[in-house]
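For the numbers below, each heavy atom of this structure counts, side chains included, while hydrogens, waters and symmetry mates do not. If you're wondering where the values come from, they're calculated on a predicted model, not measured in any experiment.
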Amino acid sequence: PEKFLGLTMDQVLPPDLALEFWKAFKAADKTGQPQLVEYDLLMPGGTRWFEARIVKSKENFLSIVREITERKSIEGDLVESRSQLNGVIDSAMDAIVTIDARRRVVMFNRAAEQMFGCSRAELIGKPIDRFVTQPLMGPEGAQFGFRSSGERFPIDASVSHTQINGQSLTTLILRDI
């Protein structure tokens, strides 16, 4: 609005945000690279989010600001949804393991950590073959898992397949019987 014409950032913005903008302008000046500042402001009707892109053009700076409140709301909803899904998966009593087409672990819940005796950090990206018989069937239809100690144990397995963004995923729901 016209009421801001001729005023400096320090006169218009909260002090911490004005400082963040000054740092972005200095970085754009020093590196010649565009800078991005995301910030929220309390406005009539509630908090609104904005994104400022700052670029240096010869001796001047250009700052393009756009409102991103809807995007931030969607991002927040996505984070909450992921947290809920992770909570459900991690609270399951059965081991849940998802593998990709190369049979590498992409998801490993807490019950799977307990069943196999290793952490998800140890297994993510590693082949599942050291933990379950391939193709999950042993002699006479028996299914077996292998703990990290090498101990073999009988399991009941439920297997499902899906495609997400063109990637084949297989989810194993395993119970130590």
Side-chain angles (χ1 to χ4, degrees), residues 1-92 95-114 116 118-128 131 148 160-173:
E2 290 182 13
K3 68 180 180 179
F4 296 123
L5 290 177
L7 299 177
T8 67
M9 289 186 304
D10 296 321
Q11 294 170 313
V12 175
L13 299 173
D16 56 331
L17 183 56
L19 179 61
E20 190 175 345
F21 266 90
W22 282 120
K23 288 178 182 177
F25 279 107
K26 286 181 182 177
D29 188 34
K30 183 176 181 178
T31 67
Q33 297 296 312
Q35 301 297 307
L36 179 70
V37 178
E38 286 188 3
Y39 58 97
D40 63 325
L41 292 174
L42 183 58
M43 311 281 282
T47 300
R48 309 301 289 178
W49 279 89
F50 299 90
E51 170 187 270
R53 292 185 183 272
I54 301 165
V55 294
K56 184 172 183 187
S57 175
K58 297 184 183 178
E59 296 302 315
N60 296 310
F61 292 92
L62 174 64
S63 177
I64 300 171
V65 178
R66 68 183 180 127
E67 184 178 353
I68 59 168
T69 303
E70 184 176 355
R71 186 190 89 198
K72 293 298 267 188
S73 176
I74 291 168
E75 288 172 355
D77 292 347
L78 182 59
V79 166
E80 183 178 339
S81 178
R82 282 185 180 161
S83 286
Q84 289 171 346
L85 179 60
N86 287 340
V88 167
I89 289 170
D90 256 358
S91 68
I96 302 174
V97 181
T98 300
I99 59 174
D100 63 16
R102 297 180 323 175
R103 299 185 52 78
R104 298 196 182 278
V105 175
V106 296
M107 198 273 303
F108 198 75
N109 76 344
R110 189 171 296 133
E113 288 180 318
Q114 293 169 350
F116 294 111
C118 64
S119 73
R120 71 186 80 194
E122 293 174 74
L123 225 72
I124 297 294
K126 303 285 189 312
I128 189 66
F131 291 101
S148 60
S160 63
H161 304 280
T162 190
Q163 290 267 336
I164 298 177
N165 296 327
Q167 182 182 16
S168 293
L169 296 174
T170 301
T171 297
L172 313 170
I173 301 177

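Atoms CD and NZ, on E51 and K72 in that order, are 9.0 Å from each other to the nearest 0.5 Å. Within the model, atoms CD of E38 and CZ of R53 stand 8.5 Å from one another, a figure rounded to the nearest 0.5 Å. Here I68 contributes atom CD1 and I74 contributes atom CD1; the two are 11.5 Å apart, rounded to the nearest 0.5 Å. In this structure, CZ in R104 is found 11.0 Å from CG in L123, a value given to the nearest 0.5 Å. To the nearest 0.5 angstrom, K56 atom NZ is 12.5 Å from Q35 atom CD.
Across C118 and F108, no two heavy atoms sit closer than the pair O-CE2, 3.8 Å. Nearest heavy atom pair, residue M43 against residue R48, reads CG-CG, 3.5 Å. Of all heavy-atom pairs spanning T170 and H161, the tightest one is OG1-ND1, 3.0 Å. Closest heavy-atom contact between N109 and I96: OD1-N, 2.9 Å. The shortest non-hydrogen separation linking V65 to A52 is CG2-CB, 3.8 Å. The minimum heavy-atom distance linking Q163 with S168 is given by the pair NE2-OG, 2.5 Å.
In terms of modelled atom types and a separation under 3.5 Å, the side chain of Q167 and the main chain of I164 share no donor-acceptor contact. A distance-only check finds a donor-acceptor pair linking the side chain of S119 to the backbone of E122 [under 3.5 Å]. Although no hydrogens or angles enter the test, the distance criterion places no donor-acceptor pair under 3.5 Å between the side chain of S81 and the main chain of D77.
Contact check for K23 versus L19: side-chain heavy atoms found under the 4.5 Å cut-off. L169 places a side-chain heavy atom less than 4.5 Å from the side chain of D100. For the pair L41/P14, a side-chain contact is recorded, criterion being any heavy-atom separation below 4.5 Å from C-beta on. A 4.5 Å side-chain heavy-atom check between R110 and D90 finds at least one atom pair inside the cut-off.
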T171 and T162: CA distance, side-chain angles, deciding distance, side chain to side chain contact (heavy atoms under 4.5 Å, CB included) verdict: CA-CA 8 Å; T171 297; T162 190; 5.6 Å; no

Side chain to side chain contact (heavy atoms under 4.5 Å, CB included) between R120 and M107, intermediate numbers included: CA-CA 8 Å; R120 71 186 80 194; M107 198 273 303; over 6 Å; no

Stepwise side chain to side chain contact (heavy atoms under 4.5 Å, CB included) test for T69 and E67: CA-CA 6 Å; T69 303; E67 184 178 353; 2.9 Å; yes

Pair W22-L13, side chain to side chain contact (heavy atoms under 4.5 Å, CB included): steps then yes or no: CA-CA 11 Å; W22 282 120; L13 299 173; over 6 Å; no

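By the 30° and 60° cut-offs, the orientation of the rings of F116 relative to F131 is perpendicular.
Within a 6.0 Å sphere centred on CD of E70, other residues, nucleotides and ligands contribute 12 heavy atoms or fewer.
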